[in-house]
Chemist: 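So that we are looking at the same thing, I have put the structure below in structure tokens.
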Protein chains: 2
Amino acid sequence: MSDRLEWKNLRERRMAEPGAAETYEATRLAFELGQEVRHLREGHGWSQSQLARAAGMTQSAVARFEAGGTVPTLPVLERLARALDRRLDVRFAANADAA
Amino acid sequence: MSDRLEWKNLRERRMAEPGAAETYEATRLAFELGQEVRHLREGHGWSQSQLARAAGMTQSAVARFEAGGTVPTLPVLERLARALDRRLDVRFAANADAA
DNA sequence: CCACCTCATAGCGTCAATGCTATGGGATGA
DNA sequence: TCATCCCATAGCATTGACGCTATGAGGTGG
């Protein structure tokens with residue numbers, strides 16, 4: 001169980017890469033979005049397959065995304081938002097000290 | 001001037017494609033983000049080259065993005081946000097009737 | 001024990017975004 | 001007129017996200 005190419009490992013490796021604060025942030029953002037979608041999906045009482053169908057993708061794609069296996073693209077986020085009856089909101093917020 | 005592969009044409013073509021409401025939305029979102037970045041950049045009094053350097057990319061990439069030539073990825077948005085001293089904010093907002 | 005559902009992953013082909021270099025045109029100033 | 005700066009595009013290679021199929025492990029119910 002050393003170098004299995006699991007998504008989680010991929011993610012952790014990516015976040016551990018040096019000098020790439022943006023990549024780190026993007027990966028973290030992807031992870032958080034994945035969790036949010038999972039919560040929303042469970043809130044609807046849907047299985048990954050059902051959400052997949054509603055969003056025009058496959059169950060494996062949903063699983064990959066929820067696990068934070070890849071950094072999603074805007075079109076995908078848009079489709080998921082629609083399927084979950086949400087509105088995708090992307091913007092450059094003022095940097096109030098920020099974390 | 002019929003089939004030149006300009007970004008603007010690409011974008012319009014993409015937005016005109018049938019049956020792809022999500023793609024349409026994503027393309028529109030990309031366009032709006034591009035404009036926002038342009039405003040922020042001008043607010044800083046920076047040239048595309050300066051912003052490019054600050055965000056770790058090239059002037060051509062900035063121009064392409066500002067023109068809405070492509071649907072940007074989260075890592076790129078993240079880098080631009082940092083360079084412009086902003087915080088990238090992505091989330092699934094409640095669909096209050098929405099447009 | 002078997003059938004079935006849910007979720008996690010692997011593997012692979014395709015496509016599009018990104019990164020880069022190089023132009024070209026429009027201003028502007030020496 | 002020439003040197004410069006800014007922005008728009010082209011063209012090309014690389015890379016990573018996505019889509020799909022298939023499999024495997026864990027539950028659950030008959």
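Chain naming here is simple, since letters A, B, ... match the order of the sequence lines and numbering starts at 1 in each. We use all heavy atoms of the structure for the numbers below, so side chains are in, but hydrogens, waters and symmetry mates are not.
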Chemist: Side chain of B/R38, heavy atoms from C-beta onward: which of D/dC6, C/dC20, D/dA8 has the nearest atom to it?
Modeler: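 Of D/dC6, C/dC20, D/dA8, D/dA8 is nearest to the side chain of B/R38.
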Chemist: The side chain of B/T70 lies closest to which of these nucleotides: D/dC7, C/dA17, D/dG19?
Modeler: C/dA17
Chemist: Rounded to the nearest Å, what distance is computed from the CZ atom of residue B/R79 to the P atom of nucleotide C/dA17?
Modeler: 15 Å
Chemist: Once you round it to whole Å, what is the distance between P of D/dC7 and CE of B/M57?
Modeler: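 Checked: the CE to P distance equals 14 Å.
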Chemist: Can you check the A/Q48 CD to C/dC4 P distance for me, whole Å?
Modeler: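 Value for this atom pair: 21 Å.
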Chemist: Between atom CG in B/L77 and atom C1' in C/dA17, what is the gap in whole Å?
Modeler: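 One finds 12 Å between C1' of C/dA17 and CG of B/L77, rounded.
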Chemist: Quick check: any donor-acceptor pair below 3.5 Å linking the side-chain of B/Q59 to the base of D/dA8?
Modeler: yes
Chemist: Have a look at the helix from C/dC1-D/dG30 to C/dA30-D/dT1 and give the angle its two end axes make, five pairs each, rounded to 10 degrees.
Modeler: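 Angle reported: 20°, given to the nearest ten degrees.
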Chemist: Which residue is it: B/Q59, B/E66, B/R64? I am looking for the one with a side-chain contact (heavy atoms from CB on, under 4.5 Å) to B/V62.
Modeler: B/E66
Chemist: When you get a sec, tell me which of C/dA17, C/dT9, C/dC7 is the closest nucleotide to the side chain of A/S60?
Modeler: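 Nearest nucleotide to the side chain: C/dT9.
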Chemist: A/V76 has a side chain; which of C/dA8, C/dA17, D/dC18 sits nearest to it?
Modeler: D/dC18
Chemist: Could you tell me whether B/V71 contacts a base, only the sugar-phosphate backbone, or nothing, with contacts defined as non-hydrogen atoms closer than 4.0 Å?
Modeler: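 The answer is sugar-phosphate, as B/V71 gets under 4.0 Å only of primed atoms, P, OP1 or OP2.
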Chemist: Figure out the CG/P separation between A/L29 and D/dA17, and round it to whole Å.
Modeler: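 Taking atom P of D/dA17 as the reference, CG of A/L29 is at 13 Å.
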Chemist: Mind calculating the distance between CZ (A/R41) and P (C/dT6) to the nearest angstrom?
Modeler: 10 Å
Chemist: Starting at CG of B/L80 and ending at C1' of C/dG19, how long is that distance when rounded to a whole Å?
Modeler: 14 Å
Chemist: If you only use heavy atoms from C-beta on, which nucleotide in C/dC7, C/dA17, C/dG19 is closest to the side chain of B/R64?
Modeler: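 Per side-chain heavy atoms of B/R64, the pick is C/dG19.
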Chemist: Measuring from the side chain of A/S47 (C-beta onward, heavy atoms only), which nucleotide among C/dT18, C/dT6, D/dC6 has the closest atom?
Modeler: C/dT6
